[in-house]
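None of the values given here were measured: they were computed from a predicted structure. This chain uses plain numbering: 1 for the first residue, then up along the sequence. Computed from heavy atoms alone, side chains included, the values below leave out hydrogens, waters and symmetry copies.
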Amino acid sequence: MTTHYELPTTTDFAALAGEHHPAVTIYVSTSPVVSERERAEIAVKSAFDEAIDRLRADDADPAALDALKSERDRVLADKSVWSALARSLAVFAAPGFNEVYVLPNRLDDAMHVGSHFTLGQLLRAPSQDQEAFAVCLSSNEWTLWHAQPTARAEEMPLDPDLPRNLEDAANRERGDAGQRRTGGHGDRGTHEGDRRPEIHDIYAKRVADAVRGVLQAHDPDDRVPLFVFAAEPLLSSFLERAKNGRRVIAVPGGADRRAAAEIDEELRRQLAELNVDEARTALHQLADGSKGRVERDIAAIGRLAIDGAVETLWFDFTTSVNGTLDAESGAVEFATGNGEGDALSDGRHAGDLLPQLAMLVLAKGGKVVTVRSEDLADDVWDGPAIAELRFALT
């Protein structure tokens, strides 16, 4: 049994691909909160038991059933898995094969039994943004956070010379040459209330400048989005100053005294929404100006992908189209029932074609984006897959 705490790589997908009959795939939503660990353990055990019952009803080899029970017991007994949960667990088990992925993004509970592992949800982890920065800004304090693909959000260290709150910023503004004054409340002057909006603006913009400097050191390419937890008027002032090449997303509301677990939970939720919004926008743009650069036929996508002609593949991970994909020619053969069956017409086992296509696109230098069709409008999605090509079809 191997447990992975890093996002899956092309090597990992290669190990999972192909026939592993009988193959059991389990996805379970989890939580790093210790009190919710038992629910996840029960969910995994129940999914394994259901899979074994299905195989037994299909007259599976008793030796294979015993082997799967052993793999189930290994997962449940591995304390390292259950002591370091994130937000999802993906288990891929077959006789003599057991791979477990502890993932930061929320996946849908699911169980699948077949000849191949179901990899659609696993592809979501590396195909979407799983990293973010966050600033929590209020009059009382401000903090900067970093949530990574394989680690919960942690507070980032800041220069102690920076203003720590609104009062600190006001004192520095009143002090000579911008230096902090140490006087008490009595030195605020009679017009403090008149200058309150101005001080809010100065404070927010100084924080924005400080955040920009810190993030440039960590992410000079502006690749990672920044979420801003703040209420007005600080939110608008910060956003006005923070506009640059980085994606900056406002999260209106109170930002005081948020715990690390709460910030991480909200960041993962915001990232999921951002991923959906960006997929929807990209598909709208593709539909409006495709000029022949769109292909929806799965067999055609396979042939194009083998030549490296697919720029981006979007596919609905909640939909299965079974068959086989020849990795050398890109030829697709559908399972019986127009891809709905579990085997080809000659009886050979079939797997889900969409993840196979996705892995081929990735191997050829393309990009893959997983979506839920229910999250997208009908005018941009008529899946199960859409490919943007590097050139227009003639």
Side-chain angles (χ1 to χ4, degrees), residues 129 131-147 153-271 273-274 277:
D129 282 326
E131 183 178 7
F133 295 111
V135 59
C136 294
L137 175 63
S138 75
S139 298
N140 298 318
E141 63 176 352
W142 70 276
T143 52
L144 186 60
W145 299 79
H146 187 195
E154 294 183 351
E155 188 172 352
M156 301 176 71
L158 299 171
D159 185 339
D161 290 334
L162 293 170
R164 302 303 305 147
N165 51 43
L166 182 68
E167 184 175 4
D168 191 7
N171 286 336
R172 293 172 188 238
E173 180 66 13
R174 286 191 303 271
D176 293 335
Q179 298 298 312
R180 187 198 315 228
R181 278 193 179 175
T182 58
H185 295 294
D187 66 357
R188 292 186 177 183
T190 58
H191 300 292
E192 176 71 15
D194 296 337
R195 298 195 60 211
R196 199 70 174 175
E198 178 186 343
I199 295 299
H200 273 88
D201 192 53
I202 291 170
Y203 169 51
K205 289 182 177 180
R206 284 184 177 173
V207 172
D209 289 342
V211 168
R212 184 166 54 248
V214 173
L215 299 194
Q216 275 296 304
H218 283 78
D219 178 36
D221 296 328
D222 292 337
R223 179 184 56 84
V224 180
L226 169 66
F227 293 89
V228 184
F229 297 83
E232 296 295 355
L234 292 175
L235 179 59
S236 292
S237 294
F238 182 96
L239 294 176
E240 180 183 347
R241 189 74 163 205
K243 291 178 180 177
N244 51 27
R246 189 180 304 279
R247 289 169 293 170
V248 181
I249 300 94
V251 186
D256 279 324
R257 304 185 186 282
R258 286 179 176 256
E262 181 185 0
I263 291 171
D264 190 82
E265 181 72 28
E266 182 63 19
L267 278 178
R268 303 300 172 181
R269 190 181 72 80
Q270 292 288 337
L271 277 170
E273 292 184 5
L274 177 65
D277 289 343

statement: Rounding to 0.5 Å, atoms CZ (Arg241) and CZ (Arg212) come to a distance of 6.5 Å
message: To the nearest 0.5 Å, what is the distance between CD1 on Ile199 and CG on Leu166?
response: 7.0 Å
field: Leu274 side chain reached by Phe227 side chain, heavy atoms, under 4.5 Å
entry: yes
query: Hey, are the side chains of Leu162 and Arg206 touching, using non-hydrogen atoms and a 4.5 Å cut-off?
result: no
task: Please answer whether the main-chain N or O of Ala153 pairs with a side-chain N or O of Asp264 as donor and acceptor at a distance below 3.5 Å.
output: yes
message: So, taking the atom named CG in Asn244 and the one named CZ in Arg247, what distance separates them when rounded to the nearest 0.5 Å?
response: 12.0 Å
message: For Arg269, is there an ion pair with Glu273 - N to carboxylate O distance below 4.0 angstrom?
response: yes
message: Quick test of your reading of the model: are Asp209 and Lys205 salt-bridged, counting only N-O distances below 4.0 Å?
response: no
query: Which heavy atom in Ile249 sits nearest to a heavy atom in Pro225, and how many Å separate them?
result: CD1-CB, 3.9 Å
message: Quick one: does any side-chain atom of Trp145 pair with a main-chain N or O of Ala132 as donor and acceptor, under 3.5 Å?
response: no
- prompt: How far apart are the closest heavy atoms of Cys136 and Ala255, and which atoms are they?
  reply: CB-O, 3.8 Å
- request: Taking all heavy atoms of Ala208 and all of Phe238, pick out the closest pair and write down the distance.
  value: CA-CE1, 3.4 Å
task: Could you please spell out the steps behind the side chain to side chain contact (heavy atoms under 4.5 Å, CB included) verdict for Val228 and Leu235?
output: CA-CA 8 Å; Val228 184; Leu235 179 59; 3.8 Å; yes
message: Is there a side-chain contact between Glu131 and Asp219 in this structure, where contact means two heavy atoms from C-beta onward sitting under 4.5 Å apart?
response: no
- prompt: Measuring from Arg258:CZ to Thr143:OG1, what's the distance to the nearest 0.5 Å?
  reply: 9.5 Å
task: Say whether Asp222 and Gln216, considering side chains only, have a donor N or O and an acceptor N or O under 3.5 Å apart.
output: yes
message: Does atom CD (Glu154) have a neighbourhood of more than 12 heavy atoms from anything else shown, all under 6.0 Å?
response: no
message: Tell me whether Asp221 contacts the main-chain N or O of Arg223 through its side chain, where contact means a donor paired with an acceptor under 3.5 Å.
response: no
query: Does some side-chain heavy atom of Val224 sit less than 4.5 Å from a side-chain heavy atom of His218?
result: no
message: How close do Glu141 and Asn165 get, counting heavy atoms only, and between which atoms?
response: N-CB, 3.9 Å
message: Please report the interatomic distance CD1(Ile263) to CZ(Arg268), rounded to the nearest 0.5 Å.
response: 12.0 Å
Option passing side chain to side chain contact (heavy atoms under 4.5 Å, CB included) with Val135 (candidates Val251, Val211, Val214): Val211
- prompt: Under 3.5 Å, side chain of Tyr203 to main-chain N/O of Glu167, donor-acceptor pair present?
  reply: no
- request: Considering non-hydrogen atoms only, spot the tightest contact between Ser138 and Leu234 and give its length.
  value: C-CD1, 3.6 Å
message: So, taking the atom named CZ in Arg246 and the one named CG in Leu215, what distance separates them when rounded to the nearest 0.5 Å?
response: 4.5 Å
